[in-house]
Protein chains: 2
Amino acid sequence: MIEIYLLEHLRAFYECGTLSAAAEQLHIAQPSVSRSMQKLEDILEVTLFERQKNRIILNETGKLAAEYAKRILDEEEEMKAHIKAYDRSLHTLTIGSCAPGPLMELLPTATASLSGMTLSAAVDTEEKLLKGLWNSDYGMIVLAKPLPNEDFICKEYRSEQLMLSVPPFHPAASYKEITFADMDGQNFIMYAHVGFWEDVVREKMPHGKFFKQEELANSSDLPSFSSDITLRMIPSRRNNRINIPFSDPESRVTYYLIVLAKTEKLLRPLLRNL
Amino acid sequence: MIEIYLLEHLRAFYECGTLSAAAEQLHIAQPSVSRSMQKLEDILEVTLFERQKNRIILNETGKLAAEYAKRILDEEEEMKAHIKAYDRSLHTLTIGSCAPGPLMELLPTATASLSGMTLSAAVDTEEKLLKGLWNSDYGMIVLAKPLPNEDFICKEYRSEQLMLSVPPFHPAASYKEITFADMDGQNFIMYAHVGFWEDVVREKMPHGKFFKQEELANSSDLPSFSSDITLRMIPSRRNNRINIPFSDPESRVTYYLIVLAKTEKLLRPLLRNL
DNA sequence: ATCACTTACGGGTGACGTAAAAATC
DNA sequence: GATTTTTACGTCACCCGTAAGTGAT
């Protein structure tokens, strides 16, 4: 059998043109490459090189052999990459959600329930979430509505109440509740990755101006948004802020966890623990 | 890198199901296979097996790896086979001819002119000869007519005169020449591999009966065929036989050597020596 | 007891490095 | 003199085999 190292040496020589250059590329001594080339000819019982006194070049057969070497080595690389990727996919659950809130509560629970698994989470659009669930980019998705379909397992998770977050001196700070209409036309700070909430507030407050910021922080006196979930999971967000629930029905949603029926077995420990 | 022997061990285990059986198939001791499987997991940094106390089975990742192993090993086999075949083809000239006569004279010359090359010869139909010349099944062909085409090099070789071969007591033995019409309707022994000559005699003597024999020998008192070439190359065919040339124009042909223009360089030493 | 796998230890093949020689530029 | 290839020789890695141990049937 032709061992892999021989193919590597041949490929290196093919790419470099001289044994010395090949040896350098391979980080080995040059006589090793010389021997390997001889050994290849020995094994194949074929002349692969035209040898002059101090020069050695691949003949046609040698070039063919080098092309094969490349192909086989590439295939071996592919093998390693694919196997690692596949193994990783078996040990990774990627959860996609239409909003960050449910992920905040889901991830700690999931980490505990699926010991040994790597968790990965992302906020995405409903369309991409569904597509990703089908093509296994996502192992579980979180939508703001149920999905009655026998291909899925759909389990009600929990609800989220959108709130307005204002500094204490803001005119609305004393309200017990507030409507989108009350705030329409004003300026807001909005966390960049709020998922579908962005659609909701833009639709209900079409005259509002929304300034996006990457970090989730109270860095401005402008009103911003929070929710019962974010306040529970990140208590610091209450600091120096008054959080007033919206009263519009669109400000409260119920989330549903959705997994493919065929992967339900794998995720049962998680679904049971919620 | 994953050396080939590891892939072989994995494939054997995949095919056999147990380490012991794999070891037997590989003609090595069983602990070696055990170590190889561990080493594969080491290299890939992936779990390939589910291990019970005295049982080891491939998991999903392991099966994927085994499939890759098979593919790579198959490809390596293919590499070896193709390279040897290609090398062989570079050192082999296969000459196809429409009749055996020209090969008799050509082969000795060719052997001398193309030292180091292996010669191979075959009698074939014109159609297959031309196809074979294109697809490199033949490196050179011999036809009974020129082939004026710029893709080919066509060189007149020599002529062959068909003769009737009869025992001394045959009625025709005293003729100085003879026609196909004279002999039509009689029985003949015909060597099986005469190429286009069979078509000629069958067409010119439609009422003749031709008995084929595999060996080129005078084993019967029936008339048979010979030619100036066969008599020159195989003098023993004169023994106890009278050879009478046919006078019909179809009984004399001129042969042409034809090679692809692009391979002419390789065959120049041969073409020059004729 | 037999079978299957793993671990431990020793041996031999062979891949690599160093050194040196031959040949070319 | 610098570069390139080949040959020679010593070393060390590592693949394999043997032997022993554990657990299951």
Side-chain angles (χ1 to χ4, degrees), chain A residues 1-63 65-66 69 72-73 76 80, chain B residues 1-63 65-66 69 72-73 76 80:
Chain A
M1 260 303 177
I2 306 176
E3 286 299 331
I4 289 289
Y5 80 94
L6 290 174
L7 300 181
E8 286 180 311
H9 291 193
L10 177 60
R11 178 178 61 180
F13 175 66
Y14 185 44
E15 289 170 1
C16 299
T18 72
L19 295 183
S20 345
E24 191 171 359
Q25 176 184 312
L26 292 166
H27 301 295
I28 61 177
Q30 180 260 25
S32 275
V33 190
S34 178
R35 272 193 305 265
S36 294
M37 300 303 102
Q38 294 168 25
K39 181 155 194 169
L40 271 172
E41 289 180 306
D42 252 27
I43 295 176
L44 289 169
E45 299 172 303
V46 150
T47 302
L48 299 174
F49 309 93
E50 182 195 329
R51 291 162 203 276
Q52 295 154 10
K53 277 299 177 187
N54 72 338
R55 184 145 189 79
I56 174 171
I57 2 180
L58 285 163
N59 63 20
E60 289 307 308
T61 314
K63 285 177 192 162
I72 293 174
L73 291 170
E76 182 162 339
K80 292 206 292 192
Chain B
M1 260 302 179
I2 307 178
E3 285 300 332
I4 289 289
Y5 80 93
L6 290 174
L7 300 181
E8 287 180 311
H9 291 193
L10 178 60
R11 178 178 61 181
F13 175 65
Y14 185 44
E15 289 171 1
C16 298
T18 72
L19 295 184
S20 341
E24 191 171 357
Q25 177 182 311
L26 293 165
H27 302 294
I28 61 176
Q30 180 259 24
S32 274
V33 190
S34 177
R35 273 194 303 265
S36 294
M37 300 302 102
Q38 293 168 25
K39 183 156 191 167
L40 271 172
E41 289 180 306
D42 253 27
I43 294 175
L44 290 168
E45 299 172 305
V46 151
T47 302
L48 299 175
F49 308 92
E50 181 195 331
R51 289 162 203 276
Q52 295 154 11
K53 277 301 177 185
N54 71 339
R55 183 147 190 76
I56 174 171
I57 19 182
L58 286 162
N59 62 23
E60 289 308 308
T61 314
K63 287 177 191 162
I72 293 175
L73 290 170
E76 184 162 339
K80 292 206 293 194

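No experiment lies behind these values; they were computed from the predicted model shown. Lettering follows sequence order; numbering is per chain, from 1.
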query = Is any side-chain nitrogen or oxygen of Gln38(B) closer than 4.0 Å to OP1 or OP2 of dT7(C)?
reply = yes
message = So Gln30(A), base contact, sugar-phosphate only, or nothing? Heavy-atom distance under 4.0 Å.
response = base
query = To the nearest Å, how far apart are Glu8(A) CD and dC16(C) C1'?
reply = 14 Å
request  = Could you check how far CG of Leu26(A) sits from C1' of dC16(C), rounded to whole Å?
outcome  = 12 Å
message = Under 4.0 Å from OP1 or OP2 of dA15(C): is there any side-chain N or O of Lys39(A) that close?
response = yes
message = Nearest to the side chain of Ile28(A), heavy atoms from C-beta on, is which of dT6(C), dC16(D), dG17(C)?
response = dG17(C)
request  = State which of dC5(C), dT5(D), dC16(D) makes the closest approach to the side chain of Ser36(B).
outcome  = dC16(D)
note = Rounded to whole Å, CG of Asn54(B) lies from P of dG21(D) at a distance of 18 Å
Closest to side chain of Ala29(A), choosing from dG17(D), dG17(C), dT5(D) = dG17(C)
Earlier contact from the 5' end, DNA chain D, for Val33(B) and Gly17(A) = Gly17(A)
inquiry  = So, does Thr18(B) get its side chain near the phosphate of dA4(C), meaning an N or O under 4.0 Å from OP1 or OP2?
reply    = no
Spacing of Leu7(A) atom CG relative to dA15(C) atom P, expressed in whole Å = 13 Å
task = Return the nearest nucleotide to the side chain of Tyr5(B); candidates are dA24(D), dC14(D), dT6(C).
result = dC14(D)
ask   = Considering only side-chain heavy atoms of Ser32(B), which listed nucleotide, dG17(D), dT5(D), dT18(C), is closest?
value = dG17(D)
key: Nearest-nucleotide pick for Pro31(A), side chain only, options being dC5(C), dA24(D), dT6(D)   = dT6(D)
ask   = So how far is it from Leu26(B) CG to Ser36(B) OG, rounded to the nearest 0.5 Å?
value = 8.5 Å
Test of ring centre spacing under 6.0 Å for His9(B) and Tyr5(B) = yes
request  = Kindly say if His27(A) contacts the phosphate of dG17(C), meaning a side-chain N or O under 4.0 Å from OP1 or OP2.
outcome  = no
task = Write down the distance between CZ (Arg51(A)) and P (dT7(D)), rounded to a whole number of angstrom.
result = 8 Å
Value in whole Å for how far the P atom of dA21(C) lies from NZ of Lys53(A) = 17 Å
remark   = Taken to the nearest whole Å, CD1/Ile4(B) to P/dC15(D) is 13 Å
request  = Determine whether any donor atom in the side chain of Arg35(B) lies under 3.5 Å from an acceptor atom in the base of dG17(D), or the reverse, and answer yes or no.
outcome  = yes
request  = Could you tell me which non-hydrogen atom of Leu10(A) sits nearest to which non-hydrogen atom of Met37(A), and how far apart they are?
outcome  = N-CE, 3.5 Å
query = Rounded to the nearest 0.5 Å, how far does CD of Glu3(B) lie from CG of Leu7(A)?
reply = 9.0 Å
message = Using a 3.5 Å distance criterion without hydrogens, assess whether the side chain of Glu41(A) forms a donor-acceptor pair with backbone atoms of Leu48(A).
response = yes
key: Phosphate OP1/OP2 of dT7(D) contacted by Ser34(A) side-chain N/O (<4.0 Å)   = no
note = To the nearest angstrom, the CD-C1' distance between Glu50(B) and dC5(C) comes to 14 Å
message = For the CD atom of Gln25(B) and the OG1 atom of Thr18(B), what is their distance to the nearest 0.5 Å?
response = 10.5 Å
